[in-house]
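The structure appears right after this line, and notes come after that.
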Amino acid sequence: MDLNLSDEDKNFRKEVKDFIKKNLSSEQQKKIKNGGSYTKDETIKWQRALFKNNWFANNWPKTYGGCEWSPMKRYIFDQETAYAYTPQIVPFGVTMVGPVIIEFGTELQKKSFLPKILNSEHWWCQGYSEPGSGSDLASLKTKAISEGNNYIINGTKTWTTLAQHADWMFCLVRTDNTSKPQEGISFILIDMKSKGITVDPIITLDESHEVNTVYLEDVVVPKDNLIYQENKGWTVAKYLLSHERTSIAQVARSKSAIKKLKMIASHEVFDNSPLIDNTRFRDKLTELEMDLHSLEYTEIRILSEEAKGSSPGPEASFLKIRGSELQQKISELTLEAVGAFGLIKSNSYNQDNSNEYFPGAEYANNVGAEYLNLRKTTIYGGSNEIQKNILSKMVLGL
Amino acid sequence: MNLTFSEEQVLIKENAQKFLNLHYSFEKRREIIEESGGFYFKHWKDFAELGWLGLAFPEKVGGYGGNISNLMILMECLGSNLTLEPFTFNNLIIGKLFQEIQSDKTNNFLEEIITGKKLYSFLFSPTENYKNNILNNLKIVNENGKVFLKGSCNCVFGIEKFDYILVPVLSDNNILLYLLSQKRNGYEIRNFETIDNMKCSNIDFNSLELNKDEIIFKMSKADFFEIFDYIYDLATLSTCSQALGIIDRMYDLTLDYCKTRKQFGKSIGSFQVIQHRLVDMHITKEEMRSLNYMAQVKFDDKIEIRKKNISLNKIFLGSRAKNMAQECIQLHGGMGVAKEMSIGHYFSKITSFCTLFGSIDYHKERYAANDFQ
């Protein structure tokens, strides 16, 4: 048991730092640090730079253009990019549907989709949740009816993240109504330019536009776009879930957020002294750091197991639970730290803001919006209630 | 001993609910936000006609009684419907100041406040630093025999619109209260929208020349803060009462959602884990109400008792009630974070109320400081 990085890992950390310096301007980093967000173009540019360096598909096998990083390398990369406020890789293509196509896709599917995921030509989104099917995903109703070489698809998908930018959607649809819910589902790839698709924005509490409702009305999808077998979509979805778990705890982002919180607390004043010297505040900060470290070392333990060859099991659910709670708690204390300025709408967090500029310190700019925005973390990706159901069933055997 | 409503109070509540449900439904509120361009005084005249603008003030100054509990019943109703008018700032704080000062002129001002004829503001930032801000932000500067007001204040609420603004300035250990017309030159206001549809403003005085007759009162620092602390506490309690109305409404919405939202073939409210969380919420909202009533009945008790009780209410709001509001969002799932649903608007308001009139840490300090006197 030790935490020393090998020389190779040390070198890698330096390489990541150099890469960031070369591919991201300090103005861009500052913008994000103070609450801005990257545009679609900036994100794609970043992803392409990673791809050029052969660092993009870090969870794919080398034969498909991946780089097969060790868990430790992935950990280092996540940490350095979070500290540097780089764009976050959009997970739907490279992290989620990519490994699925590699595992289950036909040669033709691999040839037509994988290269375009790698070079970020295709932006993907995930068509899972429906208005009536959230936690109970298997009850989904979007229907695909077989007609010759095509499926005709009708239904509604919701909470579809960044669908407004998407070229393709991987989608769970019902192909059989007669069997058990899980057994009548298929996993299919849909071209977002198809006739009959409407994307409606859902504006969230922080007034940003991240999620959408996607209406599918008589959408014609070739059967060639079916992944694996008809009615075996649940198997595919479960496989995907095991790949979604990478860095689900968001430890690196939380570390970086705590660093920012400490900086803020050393500038803010409480009772004529720096806020960070106030015992009540420090106690809360200490508790967050305790939560962060216990989470971080749990993640390292799971990564170490993974490095030995075992794949992450349902234990990873607890990374999601504690990781999402921690993100929320940090944003809550940050809001406390900046006081009334945290209530003023950010002028850079979203595009259509009524405030001309932000009157307080730069670091307070996104704090209120961030607190509202992060309410989603305990709800999305399988709500924390569902994660607890998984744990009690799969780990505790209840 | 009696902690139930009188007939008069039941009537205040019913009338308020009737008006607000008609004119301040979630839909109507959305229309006001869209139409008003961010300046929310649409129903101010109605508030006057309903007698609400006079509820905080005794009859001898033209008000309708000044009974704390009557006022808090109204505040709770205003919270329940998320009214947009800055009542606390443009009625309560400024009106109470005029009432407490009691000079010849102030009764006229009060009359204009109660009838809604004129809009008055007090220059004040509702944060825990309010004392320092009042003492340090503005200065009187003598230049060539003339007197100028200089300085700036940020995070001021209730000054997006006014006919007159009351400005406190420190001068030789005294607080001078200047009443300035909106038409005066030499100042600049910038308004910023908040996450809960209020306006938070910066005001700069660069070359505003003061006239002697604009001073409506002068008193020692100590006297001023004795009066103002009382008003600060009243405003804090009225914020907690609005929050109580909000928490009650969030509970109703969440309970209703859990009864109707179906997953796994049944309502999510039929799962025991959800039931227990809803029961905790039920207890929390009742505890919050009990603390609120306690602060009402002891409001005019000794100063330290008043301060302790107000602080307890604010601490409860910043901890238990805040957590409960978060739970309400969580149980709504994705719908909880969608702007089209009302639950999120209640959440934003609670978030704002947790911050205004002092953080939880400030009130813990304040409670402790008043505990052993």
Side-chain angles (χ1 to χ4, degrees), chain A residues 129 131-139 158-159 202-208 211 269-272 275 278-281 284 328 332 335-347 353-360 368-369 371-376 378-380 383-386 388-389, chain B residues 37-38 125-129 132 154-157 190-202 261-265 268 271 273-274 277 318 322-323 326 329-341 343-345 347-348 351-356 358-362 364-365:
Chain A
S129 292
S133 305
S135 289
D136 182 14
L137 186 60
S139 69
T158 194
W159 313 120
I202 300 174
I203 304 303
T204 43
L205 294 187
D206 58 326
E207 295 189 1
S208 67
V211 288
V269 174
F270 183 88
D271 216 4
N272 297 318
L275 177 61
N278 177 274
T279 309
R280 283 187 218 286
F281 185 84
K284 286 187 266 195
Q328 292 181 342
E332 205 174 320
L335 183 61
E336 259 183 64
V338 300
F341 282 114
L343 304 180
I344 298 172
K345 277 187 190 173
S346 149
N347 78 323
N353 196 289
S354 40
N355 289 339
E356 219 177 295
Y357 67 97
F358 187 78
Y371 171 71
L372 296 176
N373 181 275
L374 289 179
R375 301 319 307 168
K376 71 188 177 188
T378 48
I379 295 167
Y380 69 23
S383 70
N384 286 17
E385 287 79 3
I386 290 302
K388 286 179 185 173
N389 283 351
Chain B
S125 171
T127 69
E128 55 230 33
N129 297 320
N132 277 337
N154 54 39
C155 296
V156 181
F157 286 72
R190 287 194 190 82
N191 298 310
F192 301 94
E193 205 169 305
T194 66
I195 56 170
D196 59 332
N197 298 101
M198 290 201 291
K199 282 282 194 288
C200 176
S201 312
N202 285 5
R261 170 73 174 172
K262 284 202 167 72
Q263 290 286 271
F264 306 103
I268 59 172
F271 297 109
V273 67
I274 304 291
R277 285 159 76 173
K322 180 167 85 173
N323 292 344
Q326 293 168 343
I329 296 294
Q330 182 70 18
L331 292 187
H332 272 80
M335 297 313 283
V337 298
K339 191 100 189 167
E340 68 185 280
M341 298 282 286
I343 191 81
H345 294 253
F347 184 76
S348 298
T351 302
S352 161
F353 282 168
C354 288
T355 299
L356 296 183
S359 68
I360 180 169
D361 288 353
Y362 165 80
K364 281 179 177 172
E365 296 280 356

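Residue numbers begin at 1 in each chain, while the letters A, B, ... track the order of the sequences.
A donor-acceptor contact shorter than 3.5 Å links the side chain of B:Q263 to the backbone of A:G134.
Of all the listed residues (B:R190, B:H345, B:M198, B:E365), the one sharing the greatest number of non-hydrogen pairs under 4.5 Å with chain A is B:E365. Among A:G132, A:G360, A:P359, A:G368, the residue with the largest count of heavy-atom pairs under 4.5 Å with chain B is A:P359. Most heavy-atom pairs under 4.5 Å with chain A, from the set B:H332, B:M335, B:M341: that is B:M335. Among A:I203, A:V211, A:I379, the residue making the largest number of heavy-atom pairs under 4.5 Å with chain B is A:I379. No other option in A:S135, A:P131, A:S139, A:A340 has as many heavy-atom pairs under 4.5 Å with chain B as A:S135. With chain A as the partner, the residue from B:S348, B:C354, B:S125, B:C155 showing the most heavy-atom pairs under 4.5 Å is B:C155. With chain B as partner, the option from A:N278, A:N272, A:V269, A:L343 having the largest number of non-hydrogen pairs under 4.5 angstrom is A:L343.
Here the CG atom belonging to B:N197 is positioned 6.0 Å from the NZ atom belonging to A:K345, to the nearest 0.5 angstrom. Atom OG1 in B:T194 sits 9.0 Å away from atom CG in A:N355 (nearest 0.5 Å). Rounded to the nearest 0.5 angstrom, A:N389 CG and B:F264 CZ are separated by 6.5 Å. Rounded to the nearest 0.5 angstrom, B:I274 CD1 and A:E385 CD are separated by 5.5 Å. Here the CG atom belonging to A:L205 is positioned 6.5 Å from the NZ atom belonging to B:K339, to the nearest 0.5 angstrom. The CD1 atom of B:I195 sits 10.0 Å away from the CD atom of A:E207 when rounded to the nearest 0.5 Å.
Contacts between B:T351 and chain A at a heavy-atom distance below 4.5 Å involve backbone atoms as well as side-chain atoms. For B:I268, no part lies near chain A; criterion is any non-hydrogen pair under 4.5 Å. Of the atoms belonging to A:K388, not a single heavy atom falls under 4.5 Å from chain B. Looking at B:N202, only its side chain comes within 4.5 Å of chain A, counting heavy atoms on both sides. For A:I386, the part lying under 4.5 angstrom from a heavy atom of chain B is the side chain only. At a 4.5 Å heavy-atom cutoff, the contact between A:I202 and chain B is made by side-chain atoms alone. Heavy atoms closer than 4.5 Å to chain B are found nowhere in A:S129, neither backbone nor side chain. Within the 4.5 angstrom heavy-atom criterion, only side-chain atoms of B:K322, from C-beta onward, approach chain A.
Using cut-offs of 30° and 60° for the angle between ring planes, the B:F347 and A:Y371 rings count as parallel.
For A:F341, the ring pair (Phe, Tyr, Trp, His ring centres under 6.0 Å) criterion is met by no residue, not counting sequence neighbours.
Looking at heavy atoms from C-beta onward, B:Y362 lies in side-chain contact with A:F270 at the 4.5 angstrom threshold.
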Can you check side-chain hydrogen bond (donor to acceptor under 3.5 Å, both in side chains) on A:E336 and B:S359, steps first, answer last? CA-CA 7 Å; A:E336 259 183 64; B:S359 68; 5.8 Å; no

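If you check the side chains of B:Q326 and A:Q328, you find no donor sitting under 3.5 Å from an acceptor.
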